[in-house]
Amino acid sequence: KFEKGFQETLLYKDSYGHPDAPVGYKTSENFLLGSWQSHQRRNYKKNKLSPDRIKRLEDIGFKWEIQEEQRDEHFEKGFQETLVYKKSSGNPNVPARYKTPEGFLLGHWQSNKRKEYKRKKLPSDRINRLEEIGFIFDPLDEQFEKGFQQTLLYKQSTGNPNAVARYKTPGGFKLGSWQSEKRKNYKRGNLTAEKIKRLEEIGFNWDLIEEQFEKGFQETLLYKKNTGSPNVPNKYKTAEGYPLGIWQGTQRWCYKKGELSSDRVNRLEAINFSWHLPDKQFEKGFQNTLLYKERTGNANATYYYKTIEGFRLGLWQSHQRGCYKKGNLSSERIKRLEEIGFKWKIQIERHDKQFEKGFQETLIYEQKMGNPNAPLQYKTTDGFNLGSWQSDKRKQYRKGIISSDRIKRLEEIGFNWDIRTEQIDEQFNRGFQETVKFQKNVGNANAPSRYKTAEGYALGAWQNTQRISYNKGKLAQERINRLEE
């Protein structure tokens, strides 16, 4: 035990500049160094201390008689360091483990003064001097000071003194819980005016929930100003890192549970805040419905219709109708769909499947080519004879056996009922131009019967077709003249 006390005495000397600790002094590990040193002095007086131990203690400046002057010197050192700390921080009460830049254990010194005070071993003049500078002796006040100091440190690092509910300091102090307890004490009237004032002076908020709501509401207003909509994606954060998506999700959860005040509900609804977070799949279908309407003049896609990107819009719309019939579609979505002309009941014609397939492929062709009218022999990549289908629709039109609804739908996308002449002219002009190119390259306009251009155009076959038409008297004079020239 002697070695333990001797080593602690060396540590005390390193910290305070001398080895002689006060009688009631404890180390940070609760070793009673003051009592241990008193025991060595008693053994010295009774000649019970070995010469070796006497020499070791004297070598480090240990005194066998402690003068009152020495005790005063130790007190003055702590008192002056307390004044310095108060001058720099505004508060004389330091954290329990605080050391000055020079290594003086001021936190430990103050803790010892509180213990001496509790045991009635601190002289009244020292009590008075410490109280005059705002030193706190009460243990509960000491706990308050610890929380207050940690609140100051939190404000210093974050710019805001109000910690989140579960926040712990790096040292393990539950600052969020401590602040929550202070708010409860405030509401119950159990917090002194002095403590209230000190906390308010550093920006402490007694109603943190209200502050958090206002922060989220203001960020929502700013988002709406920038985008036109107050509703952010679920994981959205502001440029400063504020988790606005999470805040809005919390408001929706409280609203669903009936835990959001009517005032907050009204304020959010006044800026068109939605209580149902936009569903990605619904929004995708809605946006594609808008595009479909823009292209066709009608919001209601056919059952088998797919967008060029492969989105099954017809099936999506059918699903919305099913939800509507079952009462599973929100009033907000019903309103949005109805505002763009969406119908909840669609008349289905006979042979609808084949017509819808052709109509869908016609729309896709129009998106790719800029024109819905496909060549007669045109097939889609999956083998659908679109050219033949369109030709069949034209025949039905001439015979008057296609419904007015289908006529209207096809005409709205630019479908042409009399395309034959236009196509024939286009085909003739293509062959004629290729013939001119051939003549320019070889010096002769007449291509071999199986000749194809570099692009694969069957020029030989085209010229043979013109000769057959000429022999049958079916080639227009104007074309004969152009070719013979």
Is there a side-chain contact between [X] and [Y] in this structure, where contact means two heavy atoms from C-beta onward sitting under 4.5 Å apart?
{"X": "E8", "Y": "W36", "answer": "no"}
{"X": "K408", "Y": "N298", "answer": "no"}
{"X": "W178", "Y": "K174", "answer": "no"}
{"X": "R409", "Y": "F415", "answer": "no"}
{"X": "L57", "Y": "L49", "answer": "yes"}
{"X": "L363", "Y": "Q360", "answer": "no"}
{"X": "L268", "Y": "F213", "answer": "yes"}
{"X": "R252", "Y": "N231", "answer": "yes"}

Angle class for the [X]/[Y] ring planes (parallel below 30°, perpendicular above 60°, tilted otherwise)?
{"X": "F135", "Y": "F137", "answer": "perpendicular"}
{"X": "Y255", "Y": "W275", "answer": "parallel"}
{"X": "F62", "Y": "W64", "answer": "perpendicular"}

Original post:
Is there a donor-acceptor pair closer than 3.5 Å between any side-chain N or O of Q317 and the backbone N or O of A299?
Top reply: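 A pair under 3.5 Å: yes.
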Original post:
Does T250 reach the main-chain N or O of I246 with its side chain, forming a donor-acceptor pair under 3.5 Å?
Top reply: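 Such a contact is found between T250 side chain and I246 backbone.
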Taking everything shown except [X] itself, do over 12 heavy atoms lie less than 6.0 Å from its [atom1]?
{"X": "K306", "atom1": "NZ", "value": "no"}
{"X": "K357", "atom1": "NZ", "value": "yes"}
{"X": "E309", "atom1": "CD", "value": "yes"}
{"X": "R267", "atom1": "CZ", "value": "yes"}

Is it true that [Y] and [X] share a donor-acceptor pair across their side chains at a distance under 3.5 Å?
{"X": "E194", "Y": "T192", "answer": "no"}
{"X": "D382", "Y": "T380", "answer": "yes"}
{"X": "N300", "Y": "R321", "answer": "yes"}
{"X": "N93", "Y": "Q149", "answer": "no"}

I need the minimum non-hydrogen distance between [X] and [Y], along with the two atoms involved.
{"X": "N272", "Y": "P230", "value": "O-CG, 3.4 Å"}
{"X": "I127", "Y": "L122", "value": "CD1-O, 3.4 Å"}
{"X": "I308", "Y": "Q367", "value": "CB-OE1, 3.0 Å"}
{"X": "G414", "Y": "N373", "value": "O-ND2, 3.5 Å"}
{"X": "E332", "Y": "S274", "value": "OE1-OG, 3.4 Å"}
{"X": "P92", "Y": "T82", "value": "O-CG2, 3.5 Å"}

Using a strict cut-off of less than 4.0 Å between a Lys/Arg side-chain nitrogen and an Asp/Glu carboxylate oxygen, indicate whether [X] and [Y] qualify as a salt bridge.
{"X": "D125", "Y": "R129", "answer": "no"}
{"X": "E201", "Y": "R198", "answer": "no"}
{"X": "E65", "Y": "K45", "answer": "yes"}

Partner residues of [X] under the ring-ring contact (aromatic ring centres under 6.0 Å, His included) criterion, sequence neighbours left out:
{"X": "Y12", "answer": "Y16, H18, Y25, H74"}
{"X": "Y236", "answer": "Y223"}
{"X": "W344", "answer": "Y324, F342"}

Original post:
Pairs in or reaching into residues 81-91: which pass salt bridge (charged side-chain N to carboxylate O under 4.0 Å, His left out), with residues at least two apart or in two chains?
Top reply: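 Matches after skipping sequence neighbours: K77-E81.
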Original post:
Out of K113, K118, R119, which one pairs with E116 under the side-chain hydrogen bond (donor to acceptor under 3.5 Å, both in side chains) rule?
Top reply: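 Exactly one pass, corresponding to K113.
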Subject >> Single hit among F6, F2, Y44 for side-chain contact (heavy atoms from CB on, under 4.5 Å) with R53 >> reply: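 When side-chain contact (heavy atoms from CB on, under 4.5 Å) is applied between R53 and each of F6, F2, Y44, only F2 qualifies.
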**OP:** Could you give me the CA-CA distance, side-chain angles and deciding distance for L410 and F355, then say whether side-chain contact (heavy atoms from CB on, under 4.5 Å) is met?
**Re:** CA-CA 11 Å; L410 286 165; F355 177 83; 4.2 Å; yes
**OP:** Taking salt bridge (Lys or Arg N to Asp or Glu O under 4.0 Å) as the test, write out the residues that go with E366, two or more places apart.
**Re:**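 For E366, no residue satisfies salt bridge (Lys or Arg N to Asp or Glu O under 4.0 Å) once neighbours in sequence are set aside.
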**OP:** Applying side chain to side chain donor-acceptor pair (under 3.5 Å), run through W206 and E200 and close with a yes or a no.
**Re:** CA-CA 9 Å; W206 301 112; E200 288 180 347; 2.8 Å; yes
**OP:** List for me each residue that meets side-chain hydrogen bond (donor to acceptor under 3.5 Å, both in side chains) alongside T100, sequence neighbours excluded, and say none if there are none.
**Re:**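 Once residues adjacent in sequence are excluded, the partners of T100 under the side-chain hydrogen bond (donor to acceptor under 3.5 Å, both in side chains) criterion are E102.
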